[in-house]
Each structure stands twice: as C-alpha cells, then as structure tokens.
Amino acid sequence: MNYLEKLGSVILTTSRQIVEVLALFFETLYWLIFGPLKNKFVKSESIFYQMVFAGAGSLIIAAFVAFFTGIVIAMQSAYQLARFGANIYVAPMVSVGLARELGPVLTALVVAGRVGAAITAEIGSMKVTEQVEALETMALNPIRFLVVPRFLALVVMLPCLVIFADMLGILGGFLVGVFSLHLDPYRYLTFSFKFMEWKDVWTGLIKSVAFAVVISMIGCYMGLKTKGGAEGVGKATTLSVVTSFILIILFDCIITGIFYFTQK
Amino acid sequence: MEKEVVIRADDVVKKFGDRAVLNGIKLDIYKGETFVIMGGSGCGKSTFLRHLIGALKPDSGKVFLLGKDLTLLSEDDMDKIRKKIGMSYQSAALFDSMTVGENVSLPLREHTKLDKSVIDIVVKMKLEMVGLRGFEDLMPSQLSGGMRKRVGLARAIAMDPEIVFYDEPTAGLDPIVAGVIDKLILDLSKKLSITSIVVTHDMKSVFSIADRVAMLYEGRVLEVGSPETIKNSKNPIVQQFIAGSPDGPVKFFQQKDDYLEHLIK
C-alpha cells in the first residue's frame, strides 16, 4: 500500500508539474504575441544580453564538442567501412549523422548544461531573495521580464549554434578523411553534400527549436519554483539540468519518430 | 472630519497547511497616517503585509486597497494599483544584475515615457533623499546592508507612491542608520503625505514614528491604538512585548512534550 501511495503521489506531482510548465509556456507565448500590442514588450537590450550569453557564449564549447564528434564518427565509421573498401562513405556518414541527429542533440545538451543551469540558478536566487516578488510588486510581470527574453534568446540562438556545430563537425570528419584515410578532399566534400538533403538540415533545425523551448521552459520553471535558500537553488539547478537532458532525449526520439513514420 | 480609509482588511484568514497564520484580521488604515504593525516573530505580520500588497490571496475575507477589492481584481487592474504603492523589503530585494541607479530607475523606465535625462534627475533626487547620491554606478553587492536597505527604499518611492509598505525597515541596522531610516519614514509621510505601513518589532522605532499601532498575536489583532494607549495597555501580552521580558503570558518555550520524557525517550 505504501508503495502504491508513493507511486500515486509521484504521478500526481509529475502531472501537476507538466500542467504548470505548459501554462508557463502558453503565458510566455501570450507575452510574445500580445506584449507588443499592449506596448509592453521586453526591452531589446535585455534580449540581446541573453542572446550574447546563450549564443555567442556557448559557441566555442558547442563547436569544440561538434568538431571532436565529427572526428570520432569519421574514425568509427572508417573502421567498419574499410572492410568493404567503402571508405568514401565516411563523408555522408559524418554529414548526415551530424545534421540529422548529433549536431542538434549534442549542442542542446551542452547548452542545457551551460545556459539552462545558469537560467535556473539566476532566477532561483532571485526568487529566494524576494527579487521576483519585488518585480511583481512593481507591476512588472516576472514572465515578461525574466522568462520571455531567455526564451526568445534560446529559440533564436540554438539553431544558429547547431548550424555552426554541423559545419565544425563536418570539418572534423574532413580532416580524418583527408589526412588519415587519404581521400581526395574535393571528392570527400562532394560526397558529404551529395547524400545530405535539405530535409536533413531543416529537420535538425526543427529539433533544435524544440530543444530550445525545453531548455528555456524547464530552466525558468525550476527557477521560479525554487524555495529554501542556497540549498534550494542548488537542488533546483541540478533538477533543471537533469530534467532538460531527459526531455531532450525524449523529444529527440518523438520528433525523429514523427519524421520517420510520416515520410513513408 | 471623516478620515479616508485607504486599506481595509476584513476578516482575513490564511492557512498554510493546517496552521492558520492569519486568524481573522480586521483593520482600517487611514490616508496619510503612519501605521505600525508589531508582533513577535512568526505572528503573521509579514504574511499579513503580503496580503495587503496582493502578493498573497486570503483563504477567506477581503482586502481593500485604495477602495478596490484585491481578491476580485484582474491582473491588469492589479498592476494599475501596484503602480501606486511602493514596498521596501526586509532583505532590500535589489536586483543583483543592475547598478544602484538602474534599480531605482527600473519602475520609471518601465512604466513612464519620461526621457532618460529626466529619469536620471529623478533617480538622483530619490537617492539624495536616502543619503546615497553619487552611488548610482555601484552594484548592490558592493554596498553594506544598511545602504542596500536605503536603496530599496529609494526604489520603493521612485514612482511617488500613495502608500509605502516597509517590512522590518530597521532590522539588523546599527542604531544611527535605524534612526536615519525612522526619520526618513516620518519625513515622507509628513512632507509628501504618503501613507506608511511599517511592520517591525523594533520598539524604539515603533514609538518614534507611529501614529497608530496594531499588535498582532497568533494571527489576530490584539490591540489597536495610538502609541500612548498601547504603552498604557492593560493587556499583559502587550506589556510583556514592550518590556521585552522573558517571563509573562507569552511563552518562549514552544515544545509540546515533556522535557524529561523527551530526554530519556
């Protein structure tokens, strides 16, 4: 009975949290759409500040991860493809794999760890030091003031990061192909893009937009729900990153599934 | 002359879980007065203050602020009221990512169409009032506790509010700064005829600033009146609180079980 009770309470808490995150998401969209009409849109400098932090600030680490991932895929696939004498197929392996899957997912995981954690920690400590309440008392809606700029910054910047990550990953694979497998550089690049369709790129970008929504919403939600001082901020931050990671993988599976089954 | 009621609490009840923090509070606060709410830690004073500014909603009862029933207002109408009030927080609640000047000017930048040069002048005036002109470009983390509180106060009065709420304005400050803040509260209410609601348990400041005092105890209003009537109150709880004596009807010990039994259990 005790276990049953626990299971029930976990299910109830989880479903309540899902409803609350969705409510936060719709309220964010409300302010995005109706904020400008009410002449109460977010200040542009605050959006730019978040964009620089989330986008430009994550560029090096996202590029680093993608570059070495490209190298690893090239080496791993060469190991298999060499048996068939099909070394040249390393090129599409790297480019398609990155554009469809690894570029968006790895970049999203990096950004969740860096930006999502920062969002939760910042909003969470604002919450426990009464700053969020102070905003409300000044008739400044915390969602418009804190959530919308972070949401917008991530939704714009994450796809941009993914494009950079894709290119850097392809470069990593190219270096392996040319210098280790001794493939012709021109032929390598032709093969890279011959097998990569536009669809591969834009499905990857759609994924990255969905991941940006997940990271910003979870980050802001956990931040706004923080209570219990410094310890609470730490817990909220951990929970935010873990939840984002799980949801990114889950959404990746769902979106890939949708594309896979609808193209038949 | 009939005094204008700006705040009316009507039978406000609030429960956190099973514990009733506010147990039917009834209060009227008049325009232009300095009203002090005092009481021991955990008696519900800060919770009550949060009901008055609409940050919390009562489980039952009504709160009227400037003639509007806060329990029925839409978020937009609530925002209109919020622009007419200021709140000075116990922890100052300054925005860490903004300078002192940006903190004070934030409500002006967001709610008015004033030119930046005008806003700069207003910010300097407000900071002058709290004795911190010239500190505009510092970050809150570079300030002492007392200075942060004064900046919080400058921010609270930035929009020239009709009512200012103070949550423990002098707690944790040295006596001189506490005296300065008390004088500031008095100045604001006398010169600008702002209604001030001060939550505190600093007895010295209660008797130097209050027009009327309410003593809260266990979520109820125990006694309301001028500082004189409170001072001469026959109620032993009020007397114990003013004298700060450990012996009296209010027990410091809040344990329910027997000490000896608890030790050997």
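Naming: A, B, ... by sequence-line order, numbering from 1 per chain. Please read all numbers here as calculations on a predicted model, not as lab measurements.
Of all the heavy atoms in B:R50 and A:E133, the pair that sits closest is NE-OE1, 3.0 Å. Residues A:E130 and B:A93 approach most closely at O-CB, 3.7 Å, considering heavy atoms.
Atom CZ of A:F164 has 12 or fewer heavy atoms from other residues, nucleotides or ligands within 6.0 Å. The number of heavy atoms from other shown groups lying within 6.0 Å of NZ (A:K227) does not exceed 12. B:R8 CZ: 12 or fewer foreign heavy atoms inside a 6.0 Å radius. Counting heavy-atom neighbours within 6.0 Å of A:Y49 OH, excluding the residue itself, gives a total of 12 or less. Under a cut-off of 6.0 angstrom, the local environment of CZ in B:R19 is sparse, with at most 12 non-hydrogen atoms contributed by other residues, nucleotides or ligands. Shown here is A:F53, whose CZ atom has more than 12 heavy atoms of other residues, nucleotides or ligands within 6.0 Å. Annotation for A:I60: atom CD1 does not count as buried by contact number, only 12 or fewer foreign heavy atoms lying within 6.0 Å.
In this structure, A:M138 and B:M159 have side chains that are not in contact, with every pair of non-hydrogen atoms separated by 4.5 Å or more. Here the side chains of B:F165 and A:T137 are not in contact, with every heavy-atom distance at 4.5 Å or above.
Here B:R82 does not pair with A:E136 in a salt bridge; the nearest charged N to carboxylate O distance is not below 4.0 Å.
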**OP:** Test side chain to side chain contact (heavy atoms under 4.5 Å, CB included) on A:L140 and B:D79 and set out the steps.
**Re:** CA-CA 8 Å; A:L140 298 171; B:D79 277 353; over 6 Å; no

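Using a 3.5 Å distance cut-off with no hydrogens or angles, the side chains of B:Y89 and A:T129 do not pair a donor with an acceptor.
Most heavy-atom pairs under 4.5 Å with chain A, from the set B:I85, B:I53, B:I81, B:L94: that is B:L94.
Interface remark: A:M126 contributes side-chain atoms only to the contact with chain B (heavy atom separation under 4.5 Å).
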